[in-house]
Amino acid sequence: MKSSGESRNICLLFLFIFTAVMDSFKTFRNIPFFQELSDEEINILVSISTPRLLRKKEKLAEPGQSFNHLFIMSHGLLRFFFDDENGIESNLFLPSEKEAAIMEAPESYSGETERKYTIEAVIESQLFLFSKNEFEDIAFQHRGIYNVYLKSLKMIITISKTRIEQFCSTSPHSRYEEFLETRPFTSQNANRKYIANFLGITPNSLSRMTARIHKKRNERKK
């Protein structure tokens with residue numbers, strides 16, 4: 001027979017696991033991207049997820065390292081970047097909790113085996129990781145999860161398409177104004193250097209644009 005102490009420890013362990021699962025369920029349910037999922041589908045995702053808290057500037061993935069996971073962010077802000085031939089960082093994506101979707105390393109979308117992108121937390125960020133193979137197997141068994149996965153892929157394609165069009169047909173000033181309007185959380189929390197690089201301009205140009213926009217807004221208030 002188990003001693004009273006052992007029984008108590010087992011009960012405490014069960015209570016800890018149950019509480020952790022319930023907390024994850026609440027977190028998943030509050031992610032707007034998961035609103036269309038049933039409670040059963042939420043519980044399935046919770047059961048295959050691994051929570052990961054990234055501190056500011058902590059890296060999730062780095063060049064040369066294996067990373068075969070999907071993930072979603074419940075809060076925070078990330079940046080996806082690579083070093084160009086001159087060793088200068090280029091920020092490809094700046095996803096935040098406000099644009100939450102199921103994401104993965106950029107190379108995975110094209111089937112590349114060599115990893116060149118770094119995924120780093122801009123601020124403290126809470127993520128939930130999924131084994132890509134396990135997630136995809138489950139997605140084919142549950143329509144709601146499949147639809148969410150498909151929706152994520154379409155969102156990422158749309159974001160990429162928009163960025164290409166912006167760089168081909170709009171001025172830096174227009175890109176910055178649209179960024180301020182559509183990405184307020186990111187504009188308030190990301191390093192100015194990251195934003196400038198993301199928009200394809202220098203930090204000095206960004207400062208001048210910011211000053212002109214503030215001046216224009218102040219004149220409107222008069």
Side-chain angles (χ1 to χ4, degrees), residues 52-65 67 69 71-110 112 114-129 152 155-220:
R52 177 79 183 271
L53 180 66
L54 294 180
R55 303 297 180 186
K56 183 178 180 180
K57 293 193 175 183
E58 185 176 354
K59 294 174 176 57
L60 176 67
E62 296 184 72
Q65 294 184 356
F67 185 77
H69 289 83
F71 60 93
I72 193 162
M73 179 166 36
S74 61
H75 73 262
L77 174 62
L78 302 174
R79 69 182 183 117
F80 292 55
F81 68 93
F82 66 94
D83 292 337
D84 66 16
E85 59 186 13
N86 297 315
I88 298 173
E89 293 179 358
S90 293
N91 291 290
L92 181 66
F93 295 121
L94 284 172
S96 79
E97 61 190 57
K98 304 300 181 181
E99 303 91 29
I102 297 167
M103 297 174 277
E104 57 185 309
E107 298 92 346
S108 302
Y109 297 110
S110 59
E112 296 177 43
E114 183 180 351
R115 303 287 181 184
K116 71 174 184 179
Y117 284 90
T118 298
I119 304 175
E120 180 184 86
V122 177
I123 59 175
E124 184 174 273
S125 303
Q126 176 67 61
L127 313 177
F128 290 88
L129 277 63
S152 291
M155 179 183 291
I156 290 164
I157 290 171
T158 300
I159 291 171
S160 300
K161 172 177 171 290
T162 300
R163 276 184 60 69
I164 292 171
E165 290 176 349
Q166 285 178 334
F167 275 94
C168 290
S169 61
T170 63
S171 67
H173 189 80
S174 296
R175 291 199 294 272
Y176 183 44
E177 285 191 320
E178 183 173 347
F179 182 83
L180 291 175
E181 182 178 345
T182 60
R183 307 283 298 279
F185 181 88
T186 304
S187 65
Q188 292 168 14
N189 289 278
N191 185 300
R192 306 287 291 173
K193 180 177 68 174
Y194 299 158
I195 294 174
N197 181 271
F198 178 76
L199 295 172
I201 58 180
T202 66
N204 286 339
S205 295
L206 183 68
S207 296
R208 288 194 295 270
M209 289 180 192
T210 301
R212 285 198 296 268
I213 289 172
H214 286 166
K215 182 179 179 180
K216 186 185 297 184
R217 288 176 179 174
N218 290 332
E219 288 175 349
R220 289 173 182 171

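Positions are given from 1, in the same order as the sequence printed here.
Within 6.0 Å of CD on Glu165 lie more than 12 heavy atoms contributed by other residues, nucleotides or ligands. Sparse packing is recorded around NZ of Lys98, with 12 or fewer heavy atoms of other residues, nucleotides or ligands lying under 6.0 Å away.
Residues meeting the salt bridge (Lys or Arg N to Asp or Glu O under 4.0 Å) test with Glu85, sequence neighbours left out: none. Scored by the side-chain contact (heavy atoms from CB on, under 4.5 Å) test, Thr182 finds Glu178 as partners (sequence neighbours excluded).
You'll find the side chain of Gln65 stays beyond 4.5 Å of the side chain of Arg115, heavy atoms only. The shortest side-chain heavy-atom distance between Arg183 and Leu94 falls under the 4.5 Å cut-off.
A donor-acceptor pair is defined here as one N or O able to donate and one able to accept, closer than 3.5 Å; no such pair exists between the side chain of Glu97 and the backbone of Ser74. Side chain of Asn197 to main chain of Asn91: a donor-acceptor pair is present (N/O by atom type, distance under 3.5 Å, no hydrogens or angles). In this structure, Asn189 contributes its side chain and Leu77 its backbone to no donor-acceptor pair below 3.5 Å. Between the Arg175 side chain and the Thr170 main chain, a donor and an acceptor come within less than 3.5 Å of each other. Listed for the Asn86 side chain is no donor-acceptor partner under 3.5 Å among the backbone atoms of Ile88.
The structure places CZ of Phe179 at 10.0 Å from CD of Gln166, a figure rounded to the nearest 0.5 Å. Note: Glu104 CD to His69 NE2 = 11.5 Å, rounded to the nearest 0.5 Å. Going from atom CG of Leu54 over to atom CD of Glu124 covers 9.0 Å, rounded to the nearest 0.5 Å.
Side chain to side chain, Arg163 and Ser160 fail the donor-acceptor criterion of an N or O pair below 3.5 Å. No hydrogens or angles considered: a donor-acceptor pair under 3.5 Å links the side chains of Ser96 and Glu99.
Salt-bridge check for Arg52 with Glu58: passed, with a basic side-chain N closer than 4.0 Å to an acidic carboxylate O.
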